Structures are given as C-alpha cells and as structure tokens.
Number of protein chains: 2
Amino acid sequence: MASRPKATILDIAREAGVSKSTVSLVLQGSGLIRPETALKVRKAIEDVGYVYNRGAANLRKAHSNVIGMVINDLTNPFFAEMAVGMERVFQSAGIVPFIANTAENPVRQEEVLKSLMEQGVAGLIVSPARGTTPGAFRRIETAGLPIVFTMRRLPESRIPVIAPDNHRGAWLATAHLIGKGHRRLAFFGGSSDLVVYHERLGGFREACEGLGIAKRDTLVVEGETSRKGGIACLETALAMAEPPTAALCFNDAVAFGVMLALRKRGLEPGADFAVVGFDDVIEAQHYMPALTSVAVDSAGLGERAAHVMLKMIQSRTTRAEDHIGAVNLVVRDSCGPDRRAGMGDAA
Amino acid sequence: MASRPKATILDIAREAGVSKSTVSLVLQGSGLIRPETALKVRKAIEDVGYVYNRGAANLRKAHSNVIGMVINDLTNPFFAEMAVGMERVFQSAGIVPFIANTAENPVRQEEVLKSLMEQGVAGLIVSPARGTTPGAFRRIETAGLPIVFTMRRLPESRIPVIAPDNHRGAWLATAHLIGKGHRRLAFFGGSSDLVVYHERLGGFREACEGLGIAKRDTLVVEGETSRKGGIACLETALAMAEPPTAALCFNDAVAFGVMLALRKRGLEPGADFAVVGFDDVIEAQHYMPALTSVAVDSAGLGERAAHVMLKMIQSRTTRAEDHIGAVNLVVRDSCGPDRRAGMGDAA
DNA sequence: GCTATTAAATGGAACGTTCCAACAAATCAA
DNA sequence: TTGATTTGTTGGAACGTTCCATTTAATAGC
C-alpha cells in the first residue's frame, strides 16, 4: 500500500534478466527484439507494476505526445463541443490533449500556459482570454512551439486562427431580419476589445447599410456575453424612445438572456420581438421558442484546429494558414415579422 | 524563429556569470542568494528566453504540481461547473489541474489515465466512465497515487467518493410529487450499471412505499441519460394502459427531453404531466416552464473534492473519507397537481 | 575452416534538473 | 593571531530514460 520506491526500467531489466537497453527497446515496440525476449520483458513490466516516466524520456527525445488546449470558458457548451471535436482527431493520432480553463482571466491564462510549457507539450491550441495582451504569446513563439488560436484572434499577431466566418454569419442573420420586415435593428452583447466582436458587428452594419437601413435606425448595445448580459441589453434597448423590433445577439447565451427578459415583461420572443443568436449551441433548438441562430459547426472547427496542429508538429513549422469555417443560418421560431410595420414590403 | 536549441540553466549560468546551482536556487526562490545576484540571474533568464523543464526537475523531486481531472462527459454542463469549482481551490494552492475527457468510454479512460500517470501527476480526480471495470484503478492504487472519485462510485472499491446524497434527493423529489396528489409515478432514465442509478431509484422506491403508493402504480423506464433518452422514456410511458401522471428523472438532461416530448404531443409540462429533474444545472431555471430539480451544488462538490485531494497529497496518504453533499429540492413550475385526481387530499 | 553478414542484445554517455557536501570570504569571539 | 561562525556560492553525483557504438552469437557464402 505505502508508496514503495517506483520501479524503473532497471528493475524490469533485473527481473527479466536482460539489459536496460533491451527493456527500452521493448517499450518502444522496436522490432529488433526477439519475440520471446519481448514477452519475458512485458511480463516483468506487469509484475513490478511499472509506470513509464515520460519526463525522463523527454529529456532525450525531442518532443512529447501531449498537446495543451487552453479554453477561455469551459462552462460555455460551445467550447465543450469544440473540445470534443479536437479530441476525436488527436486520439487517432496517439496524442493526448490536456484541457485547461482560464475562466476569461489573462493572469490565470499566463499561469496555465507556463505550466503547460514546463510540462513540455508538443503544441498549444488556445482560445485566448479577453484582455490578453499582445505580448502574451511572444515567449511561446520564440520557443518555436506551434500554436493555433481558435475562435478568437489577437489584434496584431501572425499566429494561425481557426474561426467561423463571423462577418458573413452576422450578415446572413441581419439580412434575414430585414427580410422579415424589421426596420429598427439592434446588435446585442459582446465588447469591443474582442476582434470577433468587430467582425460580427461589421457584418451587421454592412447588411444594414446595403439593405437600406439608416444608421440612426440601428442600435448597438455592448454587454457581457452571457444570459445576464442579454437581459441587460434588452432592458437598455426597451428603455429607448423608439426601441428596436429585432436583435442580432453576439452569441446564443446573450440571445437566451434576451428571450428570458422579454418573457419577464410579458412579451413573446418571436412574435413581439425577433431574436437571432450566434453559435447554434445544442440548447438553441430546444428552447421555447426554438432559437434562430448562426450555426458555426463547433465540433468541425475543433477537428480542423487539431488537424492544423498535427500538420504543424509533423512539418516542424510554426506557421500555418488561417481557416475560416463556413457558417449557415438555421431558421427556427424566434423571429417573426415586424408586427408594427405596414404590410407593404421594403421601403 | 526556427526552434533553436532550448536554453537550460547552464546557459543562464554562463550568461549571468554564476554556477548552475545558483540559478537553480534562484528559480526555487531560495532566500540564500544575495538579492543582487538573484536580480542578475533573473535578467539572464529573461534574456535567453528560458523555459523551466519540469520533467527534468521531477526526476529528482518527489512530486509535481499538477493533478489530473478525468471527466466522463465534458459536454454535460454539470461537469463543467464542477470542474470550475475544483479549479478555484487548486489555483490558490499553486496546483494546476489538467482536464481530460473520456466521453464515457472505458478504453479512452484507460489511455487517459495512463498518460496522466506517465506525466507524473500528484493525484487524480476521476468521474469514472460507465462500464469501468473494477480493476481499472488497481494499478494506480498500487502505485500509491491518491485518487478521489466524484459523482460516481465503483461497486467494490475503497477509493473515497465525493457525491451528493442521491437517495435523499430522490426521496425529497418523490415526496413532493406525492404531496401534489400524484398517485401513478414514474422514474425515467439512467441504467442499472451505475451505482448512482440504484441510489436514486432507491430513494424513489422508498418514498413511494413509505407514502402509500403501491408498487404496481410505479413505473421504471431505463434509458440514456440525455435529452434523447428522456424523449424515449416518455414515449414508452405514455404508451402504457394506465400511464403515470408524474415522473422523477435521472437527471436534468432527461427531464428536458421529457418536457420536449410532452410539448410535441401537445401536452403542457407542469399542468398535464409533472416533471422533476436532478442536478439543477443552470439551464433548469431558464427553461419554459422552469424545471423543478434536486440541487446538488456541483461547484461545491468540486471544491470539496479538491480539498480532499489536497489533504491526501499533504499527508501522503491514499485513504480519505467519503463525502456526501447535502441536496435540496428547488421547486419551480414543472410540476402542478394531478388534474385527474379527485380534490380530496391523500387516500 | 575461414571470413562476411545478419540478428540480438548491451554498456555508457548524454539529457536538465536538484541537493548535498564542500568551499571561499567575510565577520566575530577569544 | 587563531579558530569558529555566518553568508553566498559551487562542483558533482544522482534521477530514469534514449540512442549510438559496440559486442556477441548465429548464419551464410565460399
């Protein structure tokens, strides 16, 4: 029971009556060893309860078989889905991904990255925390460790990014709302220190402009990217003199918050106020009413990120191309036509 | 750019004009070093872009500062919440938790555990995958590594478990349904290869018996512990000659599925059929109608598990007491009275 | 029978840290 | 002055692997 001194390959060697080199070869599945010898060694390994020491091995070998996955918000189901996609790919490549959560805290992120590097990971897949300073990854870059960003990009970094087509997604969603006859539109949630925010907001603005909505008929309310943030956004919007009749939300969490707040005020999401989300998390289809949302294929993005990482590791490079994932609008029940508008179509 | 040979403490030593031992001392924050020397060394560390090699260090030091967290289903928000609770505790203890997902797959679990051990973790917090064989942890136990189970326990294992009071939770929920006048009750979801299942089902059965519901008026439908499973359970139940009027669900996911299926049949959850969930995930309060559920304080359980682990590591023991977390029923809108029953109270 | 060739196994030198015992220099006690 | 003590610093031996160069044993070619 009491933790006796750990067995090493020398213990195995003694037990099996061979040299440590032979044991090492067996451990690595080398074909140079006679099958009978290998069998004998494997038996000894079992007998002494040996645990391979990867730290010692990495001292000589170039790189390990673990990659780090740093996620800014594990409680967002979106990231969990993405993580699962990555794991599928890595598993079949014999790589074990270790996940660490930063809870959107740059200081925590720093610690986590440091720890992962010290552990000797072969690569890093990161969804950076909000407020990450541009220099946060310099150290890792100069160490020559492959990194890829997912979902979020940093202002002036040349690290490859795997992300959905935020601009187009927002454009599609906005066009859908305008097509339903809405003429006073809002963009809810998110904050301007995120690059993604500007991408999505950009799509929203471009659609409005291109489809004849005047800038004074659009409303932008920043807020937390959570249910709570959504609730706050709606309150702010409805307090205006001429409130909007529809909103594109930064993500589904915000959209859920908005729908909640509508209900609390006795308004019916969809009928009285149109809501579109972004991400299309699984919950979206199960809400009442089911949420219209921009599907980004989170698991697919995760897989893509994993593939890019594998390729970077194999080719020992630290560069790769960005990958912008296709999006598509999934129309459900959360946005009906503008009831206050005349029945005639566009202006 | 190209990954130049990694800097070691010897490089630092050369750069700073001291010995490697001095550098090592500085890295460990020893007070034995003259402040000016320490400063000089720290500057050199910065200059050469040094990354500490924990693998090499662990070769001499007894144990590392990382613990592994093995979770059976990362996409269940419940586990994400629990993980966040653990992280809070570990962070303040200077320990970095690495999370790995097994996706309810015992083979994957084996791989993940192996990898974590090879990495030299100081301890393991595990929520075992369904179908884990009793011997799966023997190796780890004989290695003298502290393990804690969360949420689930293995049939004949003496590994400490941190879990909610499943029996009492189920009892409370069932009593609530009976108090509302329901006389034909169902237990939905889960499967009998989980110990938790028997605990919860046991609470349900005991409440029924104790409060005068005949066994023939109860219905137990096993099923997946997901929305899909919940849908299937309800279909099965409503196909019976005398269907139940209320159900306790194995967890919230199942409950959401049941509510969904009710709606699809034009029945209103709460009014036409009472539903209680288990776990009280965040979504529960946001559903329509808001779900009555047994709150288990997931983050609290996570914190507790982390504390137990810390204590085990400190006292270098592999034993600890189980911890059964308090539960309480959160009554919301998903279970009204039995409309088919007479107005008179209990039999 | 002898040398080449192949197959199987091995010793020893790394790898980057920690930690102990030892040392040098300065301060103190006598 | 000598010896003891304190303060800062240092070399060297581990730690558990991998991998190269080498040895030994067995087989083939002539």
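Below, chain A is the first sequence line, B the second, and so on; all start at residue 1. Only a predicted model underlies this, so the values are computations on that prediction, with no experimental measurement involved.
- Between the side chain of A:N58 and the backbone N or O of A:K61, no donor-acceptor pair lies under 3.5 Å.
- Mapped onto DNA chain D by nearest heavy atom, B:A38 and B:A56 fall at different nucleotides, with B:A38 at the one closer to the 5' end.
- To the nearest angstrom, C1' of C:dA7 lies 10 Å from CD1 of A:I33.
- Whole-Å rounding puts the B:L32 CG to D:dT6 C1' distance at 12 Å.
- In the set C:dG11, D:dT9, D:dT10, D:dT9 carries the atom at the smallest distance from any side-chain atom of B:R34.
- To the nearest angstrom, C1' of C:dT17 lies 10 Å from CG of B:N58.
- Of all nucleotides listed (C:dA9, D:dT10, C:dC15), C:dA9 comes nearest to the side chain of A:T22.
- Note: B:F98 and A:F98 have parallel aromatic rings, judged against thresholds of 30 and 60 degrees for the angle between ring planes.
- Rounded to whole angstrom, the span from the CG atom of A:L10 across to the P atom of D:dT17 amounts to 8 Å.
- Across the protein-nucleic acid pair, B:K61 atom NZ and C:dC19 atom P stand 7 Å apart, rounded to whole Å.
- Of all nucleotides listed (D:dG8, D:dT17, C:dC19), C:dC19 comes nearest to the side chain of B:Q28.
- In terms of phosphate contacts, B:T37 brings a side-chain nitrogen or oxygen within less than 4.0 Å of OP1 or OP2 of D:dT9.
- The listed nucleotides are D:dT18, C:dC15, C:dT18; the one nearest the side chain of A:L59 is C:dC15.
- Taking 4.0 angstrom as the limit, B:T8 places none of its side-chain polar atoms (N or O) nearer than this to OP1 or OP2 of C:dG16.
- Of the possible donor and acceptor atoms, one in the side chain of A:D11 sits under 3.5 Å from a partner among the backbone N and O of A:T8.
- Distance, A:K6 NZ to D:dC15 P: 13 Å, rounded to whole Å.
- Taking only side-chain atoms of B:I9, from C-beta outward, the nucleotide of D:dT17, C:dG16, C:dT17 with the closest atom is C:dT17.
- Distance from the side chain of B:K20 is smallest for C:dT18 among the nucleotides C:dT18, D:dC19, D:dG16.
- Donor-acceptor pairing under 3.5 Å, judged by distance alone, is present between the side chain of B:S21 and the base of D:dG11.
- Nearest to the side-chain atoms of A:A57 among the listed nucleotides C:dT17, D:dT18, D:dT9 stands D:dT18.
- A salt bridge links B:K114 with B:E118: the closest approach of a Lys/Arg side-chain nitrogen to an acidic carboxylate oxygen falls below 4.0 angstrom.
- The existence of a salt bridge linking A:R152 and A:E104 is confirmed by a sub-4.0 Å separation between a basic side-chain nitrogen and an acidic carboxylate oxygen.
- Donor-acceptor pairing under 3.5 Å, judged by distance alone, is present between the side chain of A:R60 and the base of C:dA14.
- In this structure, A:L27 places its CG atom 9 Å from C1' of D:dT17, rounding to the nearest Å.
- Between the P atom of D:dG8 and the CG atom of B:L39 lies a distance of 15 Å, rounded to the nearest Å.
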